[in-house]
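Each remark here refers to the structure printed beneath this line.
Letters A, B, ... are given to chains in the order of the sequence lines, protein chains preceding strands, and every chain is numbered from 1.
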Number of protein chains: 2
Amino acid sequence: MASNSKPATMGLSTKPLYVQVRDALTERIATGAWKPGVAILNEADLARELGVSPGTMRKALDIMEHERLVTRRQGRGTFVNDQSSDELSQRFINVRGPDGERIVGDVKSVEITEGVANEMECMRLRLRTGDRVYRFRRVRFVDEQPFMLVEASVPASLFPGLEKMNDEGRIVGLAKRFGMLLGKAEERISISTASASIAEALSVAPGSPIAVLDRVVEAIDGQPVEWRMAWCQLAENYYLAVMN
Amino acid sequence: MASNSKPATMGLSTKPLYVQVRDALTERIATGAWKPGVAILNEADLARELGVSPGTMRKALDIMEHERLVTRRQGRGTFVNDQSSDELSQRFINVRGPDGERIVGDVKSVEITEGVANEMECMRLRLRTGDRVYRFRRVRFVDEQPFMLVEASVPASLFPGLEKMNDEGRIVGLAKRFGMLLGKAEERISISTASASIAEALSVAPGSPIAVLDRVVEAIDGQPVEWRMAWCQLAENYYLAVMN
DNA sequence: CCAGATTTGTTCGTATGTATC
DNA sequence: CGATACATACGAACAAATCTG
């Protein structure tokens, strides 16, 4: 019981100690203090540094590994994951081709606007009326063919100065640039028929069947950070859903 | 080092001890030795019974909680989950109505046949050519309206005597009856247009857009146990996919 | 409502095994 | 082979939730 002095940096909260440790380490990753790919201090030293027991540090790292923030390898060390790696940045792309590979495509045109959140945006992004959003409209191409029309909205308060950045607006890129870590997402898939404007954007016949994807991505703390509507064909391709 | 004698029941494997403990306890649930809803022995006594430390028992129970086999509540105890409860048995039902509630419906007609697995069944269920399967064909109704046409296949070897059982063929029910615990599932969603036979079964116009669901459910050990194709409308409803 | 018993949750610390370099 | 790092296993003490009398 000698070193029970609640190290000044910790113990201010009612949350379990291992959660506080996780939060502290996650902050280091989000702010860029710990760079992707680099090995972090070993468990025992880290535990000493934060003034917790090795078991508590281990539990915190267990959570972070589960959240895909770090990778641990026996005999080597613990490494910060690169959130812009293919595996992590394509984590929310569930449309797959006949061979099972993800259909990513290239963004060919982007419009960005800013305005007051409408009713739908307020609901999906949990905003209050009057809050502002940035809106993206873009088309994804595969083999020079238009494949998916996307309209995405993000809360303006989370991405200050975004309109000057000339970004293509993928949430993964935005998150990295603004030091935000992404958590889970929910997507609603329904079927509709192509309206005139969608038919034109996707070069299909008006009235042909179209998949409508309605997706909300959350930050690691559970706050919604992107609402996206997408329209695409699913004739050759399929959407892969995994249930655990 | 006194009690390092590898209790006769355990330690025969190369797997970590906590995994062996998990397997042993899981077996008790699968065989019905431990009934759903009943509290199991407390951690300390269980640890003594299996001859492991409390920490190891705790880790095994952590895994089982994560696998939805048990629920633990501080101050009360650890309880075996009822795999036929709504929450668990509807875990693979992702079609939702406008209000977000799951669309379950009632099974109105079932046909069951038995035969040699075709190429597709061999691939999805990881069977060898010549292996046998049971096949179900059923229609789900909502408000007296046909809603979903289902064709499911299961390996005959896993469900001996199934043809005499007059079962409606839901995999959750089969699993419970045969002492099998289910793990994860993958579903491929694509869009097609109603063929003549599907249009008839679902009472829609031939050629109208239809969602095609291609799903494989695995047992807790990762072995595929059901391949299911389903056709349904997604006009009013939507399919909910969660990404972690 | 309180006091005590029971059970899981959290935190601590140590020792040994195993993979990597 | 030795040093290092994570993985496994053990054990103990206290906190927090729950139930009972």
Side-chain angles (χ1 to χ4, degrees), chain A residues 1-7 9-25 34 37-81, chain B residues 1-7 9-25 34 37-81:
Chain A
M1 296 302 133
S3 62
N4 199 3
S5 50
K6 282 184 179 170
T9 60
M10 209 73 58
L12 308 166
S13 159
T14 110
K15 290 190 286 189
L17 189 52
Y18 62 84
V19 175
Q20 299 175 46
V21 171
R22 181 207 69 145
D23 291 345
L25 301 188
W34 280 350
V38 176
I40 66 183
L41 213 53
N42 73 62
E43 293 181 354
D45 290 345
L46 254 182
R48 262 188 296 275
E49 186 193 321
L50 297 210
V52 300
S53 77
T56 300
M57 178 56 64
R58 171 152 271 272
K59 196 159 179 173
L61 290 171
D62 282 345
I63 298 174
M64 294 175 70
E65 181 169 46
H66 209 254
E67 292 176 325
R68 289 183 257 232
L69 297 176
V70 300
T71 298
R72 307 154 88 194
R73 267 174 296 190
Q74 187 174 358
R76 296 191 56 187
T78 301
F79 303 84
V80 178
N81 286 340
Chain B
M1 298 303 127
S3 61
N4 200 5
S5 50
K6 283 184 180 173
T9 61
M10 211 71 58
L12 307 166
S13 159
T14 134
K15 289 189 288 189
L17 189 51
Y18 62 84
V19 174
Q20 298 176 48
V21 171
R22 182 207 69 144
D23 291 346
L25 301 188
W34 280 350
V38 176
I40 66 181
L41 214 52
N42 72 63
E43 294 180 355
D45 290 346
L46 255 182
R48 261 187 297 276
E49 186 192 321
L50 297 209
V52 301
S53 78
T56 299
M57 178 55 64
R58 171 154 274 271
K59 191 155 183 175
L61 290 171
D62 282 345
I63 298 173
M64 295 175 71
E65 181 169 45
H66 207 255
E67 292 176 325
R68 286 183 262 230
L69 297 176
V70 299
T71 297
R72 309 157 86 195
R73 267 175 298 191
Q74 186 174 170
R76 296 192 54 187
T78 301
F79 303 84
V80 178
N81 286 341

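- Going from atom CG of B:L50 over to atom C1' of D:dC10 covers 15 Å, rounded to whole Å.
- In this structure, CZ of B:R22 is placed 18 Å from C1' of D:dA9, rounded to the nearest angstrom.
- The side chain of B:Y18 places no N or O atom within less than 4.0 Å of a non-bridging phosphate oxygen (OP1 or OP2) of D:dA9.
- End-to-end axis angle for the helix from C:dC2-D:dG21 to C:dC21-D:dG2, using five pairs per end and rounding to 10°, comes out at 10°.
- Side chain of B:N42, nearest nucleotide from C:dG9, C:dT7, D:dA5: C:dT7.
- When all heavy atoms of A:T56 and A:V21 are compared, the pair lying nearest together is CG2-CG2, 4.5 Å.
- Remark: A:H66 NE2 to A:L69 CG distance equals 12.0 Å, nearest 0.5 Å.
- Distance, A:Q20 CD to C:dT11 C1': 12 Å, rounded to whole Å.
- The distance between atom CG of A:L46 and atom C1' of D:dT4, rounded to the nearest whole Å, is 15 Å.
- Comparing atom distances between the A:E43 side chain and each of D:dC6, D:dA9, C:dT8 picks out D:dC6 as nearest.
- Atoms CE and CD1, from B:M64 and B:I40 in turn, are 6.5 Å apart once rounded to the nearest 0.5 Å.
- With sequence neighbours excluded, the residues satisfying salt bridge (charged side-chain N to carboxylate O under 4.0 Å, His left out) with B:E43 are B:R58, B:R72.
- Side-chain contact between A:V80 and A:V38 is absent, with no heavy-atom pair separated by less than 4.5 Å.
- With sequence neighbours excluded, no residue forms a side chain to side chain donor-acceptor pair (under 3.5 Å) with A:R73.
- With sequence neighbours excluded, the residues that form a salt bridge (charged side-chain N to carboxylate O under 4.0 Å, His left out) with A:R48 are A:D45.
- Residues passing the side chain to side chain contact (heavy atoms under 4.5 Å, CB included) test with B:A39, sequence neighbours excluded: B:F79.
- By the side chain to side chain contact (heavy atoms under 4.5 Å, CB included) test, A:I63 pairs with A:Y18, A:R22, A:E67, sequence neighbours left out.
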Counting primed atoms, P, OP1 and OP2 as sugar-phosphate and everything else as base, the B/S/- map of nucleotides 15-21 of chain D against protein heavy atoms under 4.0 Å is -BBBS--
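- Between the CG atom of B:L61 and the OG1 atom of B:T71 there is a distance of 11.5 Å, given to the nearest 0.5 Å.
- A search for side chain to side chain donor-acceptor pair (under 3.5 Å) contacts involving B:T78 returns nothing, not counting sequence neighbours.
- Using a 4.0 Å cut-off on heavy atoms, the residues of residues 53-66 of chain B that approach DNA chain D are B:S53, B:T56, B:K59, listed by number.
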